[in-house]
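See structure below.
Every chain is numbered from 1, with letters handed out A, B, ... down the list of sequences.
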Amino acid sequence: MTLRLYNTLTSEKELFDSVKPGEVGIYLCGPTVYKPSHIGHAVGPVIFDVIKRYLTFKNFKVTWVLNVTDVEDKLIAEAEAQGRDMLELARDLERQYVDAMGAMGVKNIDYMPRASEHIQEIIDHINDLIEKGHAYVVEGDVYFDVSKDEDYGKLTNRKADDQESGTREGLVKAAKRNPGDFALWKAAKPGEPASAKYQAPWGVGRPGWHIECSAMAMKYLGKTFDIHGGGLDLKFPHHENEIAQAECATGQTFAKYWMHHGLTRFNTKKIAKSDPEMAKVMESLQIANLLKQHDPESLRFLILQSHYRSPIDFSDEVLKAAKSGLGTFRRLLERVERVTNSDPYKPEMQIERMRDAELDPRGRDLLDELMHLRVRFLEEMDDDFNTAGAIAVLFEIANAMNKYIDAAKLETHSDELPRNMLRAAGGTLVSLGNVLGLFERRPAARAIGDDGKLPQLVELLVNVRKMSREAKQYAIGDHIRDELTKLGITLEDGKDGTRWRID
RNA sequence: GGCUGCGUACCCAAGUGGUUUAAGGGGACGGAUUGCAAAUCCGUUAUUCGCCGGUUCGAAUCCGGCCGCAGCCUCCA
């Protein structure tokens, strides 16, 4: 099975062939930490987390770099507005970002370099470009000269001349040789904080946007590496400029594959801080706020249920649908746990290891079906990381397992053979889910009240209800159940008694 | 004006030339099960893929035109 991925550079799905055999280097553009992150910021990390998991699953040794830009104009302005130190504010926001990503299961980042801690590398990079005639100094600013780069525009297929003029009006510095030239270094302006001032050979100032990424990517991954990713909105100018800087400096290919994920929208509009309409809902779209009301796995599930290149229209409706869908797996795993008496979240068995002697006819059928579904899952992932297709397969696996439990009457019979088969099936479901960062642990019971007495209270009501039902006083029992349902506690009467769960 | 994408059922969404007279999820409805529910299982919900033409033995998938939506060209994941 071979992995294919869509390369923005060629606008085609290409066969994946790593630069170094068995190793993969990935660079994802991370946040500029000047405002709390919103849900859209989670999309890249979640998808690339899956990409790393899958490549690791395919036995590649993966190095994943996600940068933090903490020296930047808007950050300076925000710190100024809040009367705080720039780097202190940056660290705060970075911590919030890391916590939120961790909660959503993003845990495989190898390096999170900060721009402020790579000033020397940036200066060296700029120096290199100046020496090679690709950049020039004007009054303490350094600009990249696009006219000296024949390949400029190759990522987004654009020529500087065709771009709408006027938008840059007032922003175009007279000192620039071409309107498309961009800053590699910005001279310090009066009143700017000391933490944003660095000494460079051509004067005091700070890096321009773009240069930190090519400098840090090359430091951690080498001059040529495999995958560079980011949001669609970064294609131009950010990634175009990164390519220009890096390739003019090294004379070799920067990133082999460019992957861009779709943008998160709200009411079909991109989530953008500068949009006044969006400003009203921004707060509710902050990850920290969303995590207070929704469990992180649902958010992750929602993101992965569409293809990474498609936009996601975020809303309560889609979130609710994602949560319902996830519930199917959670209930199934609970069922597996009950029936097999083993922890499905720590799988010890997989279907691949089942032997014929351990199977009855029904088990054999399930095994065949699951083997087939497992292959389909991997095929979906091989096809440009089609997580939506992969999740569809997981649902089919869940259906097959539920059917098996029903047909073999595993909830009322205790034959060891089918239970083992179910354990293995659960193991495969969970380990495939793990490739997507799902089903990593038992969902935490929602805490309602901190005194821990809730379970006892529910048990009490369940018992009272049981007594009334035994006395055929169904009205009382139904009342208890209905009222609990209203509180978000669902009762399920099974053959072996009543179970309950909190949604 | 230039450059990108996208438009699949009530909603979300996969599928980019035949293996699909279109996966999967949510919702709704009907059935099995249940005292009744919930959960689970079975079934129904697109002969059709924005519209119009073209290429082809064959198109949701390729080409052209039109309509609609979004992104970039200015900070942006």
Worksheet item: Could one point to a donor on the side chain of A:D478 or the base of B:rG35 with an acceptor on the other under 3.5 Å away?
Response: yes
Worksheet item: So what does A:H307 hit on the nucleic acid, given a heavy-atom distance under 4.0 Å: a base, only sugar-phosphate, or nothing?
Response: sugar-phosphate
Practice prompt. For B:rC51 and B:rC10, measure between their P atoms and round to the nearest Å.
Written response: 13 Å
Item to complete: Give a yes/no answer on whether the side chain of A:S310 brings an N or O atom under 4.0 Å of OP1 or OP2 in B:rA14.
Response: yes
Item to complete: With heavy atoms under 4.0 Å as the rule, sort A:R501 into base, sugar-phosphate or nothing.
Response: sugar-phosphate
Discussion item. Nearest whole Å is fine: how far is B:rU74 C1' from A:L234 CG?
Written reply: 14 Å
Response to the item:
Residue pair A:K269/A:C29 against RNA chain B: nearer the 5' end by closest nucleotide is A:K269
Item to complete: Using a strict 4.0 Å threshold on nitrogen-to-oxygen distance, state whether A:E396 and A:R376 make a salt bridge.
Response: yes
Practice prompt. Quickly work out the A:Y404 OH to B:rA39 P distance and round it to whole Å.
Written response: 25 Å
Discussion item. Can you check the distance between B:rA59 and B:rU16, where both ends of the measurement are the C1' atom (answer in whole Å)?
Written reply: 10 Å
Discussion item. Can you measure A:M401 atom CE to B:rA39 atom P for me and round it to whole angstrom units?
Written reply: 19 Å
Fill in: d(NZ, A:K235; C1', B:rA70) in whole Å
13 Å
Worksheet item: B:rC36 C1' sits how many Å from A:I476 CD1, rounded?
Response: 15 Å
Item to complete: Let me know, please, whether A:H41 or A:D313 comes out on the 5' side of the other along RNA chain B by nearest nucleotide.
Response: A:D313
Fill in: Distance test, side-chain N/O of A:N157 to OP1/OP2 of B:rC3, below 4.0 Å
no
Item to complete: Tell me which nucleotide among B:rA77, B:rC75, B:rA37 gets nearest to the side chain of A:D493.
Response: B:rA37
Discussion item. For a quick test of reading the model, state the closest non-hydrogen atom pair linking A:M101 to A:H41 and the distance between them.
Written reply: CE-O, 4.3 Å
Discussion item. What is the separation between atom NE2 on A:H260 and atom P on B:rG71, rounded to the nearest whole Å?
Written reply: 17 Å
Worksheet item: Hey, is the main chain of A:V146 close enough, under 3.5 Å, to the side chain of A:D181 for a donor-acceptor pair?
Response: yes
Item to complete: Give each stem of RNA chain B as a range with a range, requiring at least 3 consecutive Watson-Crick or G-U wobble pairs whose two distances are under 3.5 Å.
Response: B:1-7 with B:67-73, B:10-12 with B:24-26, B:27-32 with B:40-45, B:50-54 with B:62-66
Worksheet item: With respect to the phosphate group of B:rC72, does any side-chain polar atom (N or O) of A:K270 fall under 4.0 Å of OP1 or OP2?
Response: yes
Worksheet item: Base, sugar-phosphate, or nothing: which does A:I271 touch, judged by heavy atoms less than 4.0 Å apart?
Response: base
Discussion item. Classify A:L232 by what it touches in the nucleic acid, base, sugar-phosphate, or nothing, heavy-atom distance under 4.0 Å.
Written reply: nothing
Worksheet item: What orientation do A:F225 and A:F254 show, parallel under 30°, tilted 30 to 60°, or perpendicular over 60°?
Response: perpendicular
Worksheet entry | Rounded interatomic separation in angstrom, taking CZ from A:R265 and P from B:rC72 | 12 Å
Worksheet entry | CG-CG distance between A:D49 and A:N108, expressed to the nearest 0.5 angstrom | 5.0 Å
Worksheet item: Is the A:Y111-A:Y220 ring centre distance short of 6.0 angstrom?
Response: yes
Are there any protein N/O atoms within less than 3.5 Å of an N/O atom in nucleotides 20-26 of chain B, and if so, which ones and at what distance?
none

Worksheet item: Quick one: do the A:D70 and A:S116 side chains pair a donor with an acceptor below 3.5 Å?
Response: yes
Worksheet item: So, is A:K403 near the phosphate of B:rU40, with a side-chain N or O under 4.0 Å from OP1 or OP2?
Response: no
Worksheet entry | Residues that A:H239 engages under side chain to side chain donor-acceptor pair (under 3.5 Å), provided they are two or more places apart | A:H260
Practice prompt. Dump the intermediate steps for salt bridge (charged side-chain N to carboxylate O under 4.0 Å, His left out) on A:K323 and A:D316, then the final yes or no.
Written response: CA-CA 10 Å; A:K323 195 177 171 181; A:D316 282 341; over 6 Å; no
Worksheet item: Less than 6.0 Å separating the ring centroids of A:Y345 and A:F439?
Response: no
Practice prompt. Look at all strands and tell whether A:G30 reaches a base, only sugar-phosphate, or nothing, counting heavy atoms closer than 4.0 Å.
Written response: sugar-phosphate
Worksheet item: Do the rings of A:Y27 and A:H228 sit parallel, tilted or perpendicular, given the 30° and 60° boundaries?
Response: tilted
Discussion item. Applying a 4.0 Å non-hydrogen cut-off, can you work out what A:G230 is touching in the nucleic acid: base, sugar-phosphate, or nothing?
Written reply: sugar-phosphate
Discussion item. From CE of A:M259 over to P of B:rU4, roughly how many Å is that when rounded to an integer?
Written reply: 21 Å
Item to complete: Report the nucleotide, chosen from B:rU16, B:rC72, B:rC75, that has the shortest atom-to-atom distance to any side-chain atom of A:D233.
Response: B:rC72
Discussion item. At 4.0 Å (heavy atoms only), tell me whether A:R335 reaches a base, stays on the sugar-phosphate, or touches nothing.
Written reply: sugar-phosphate
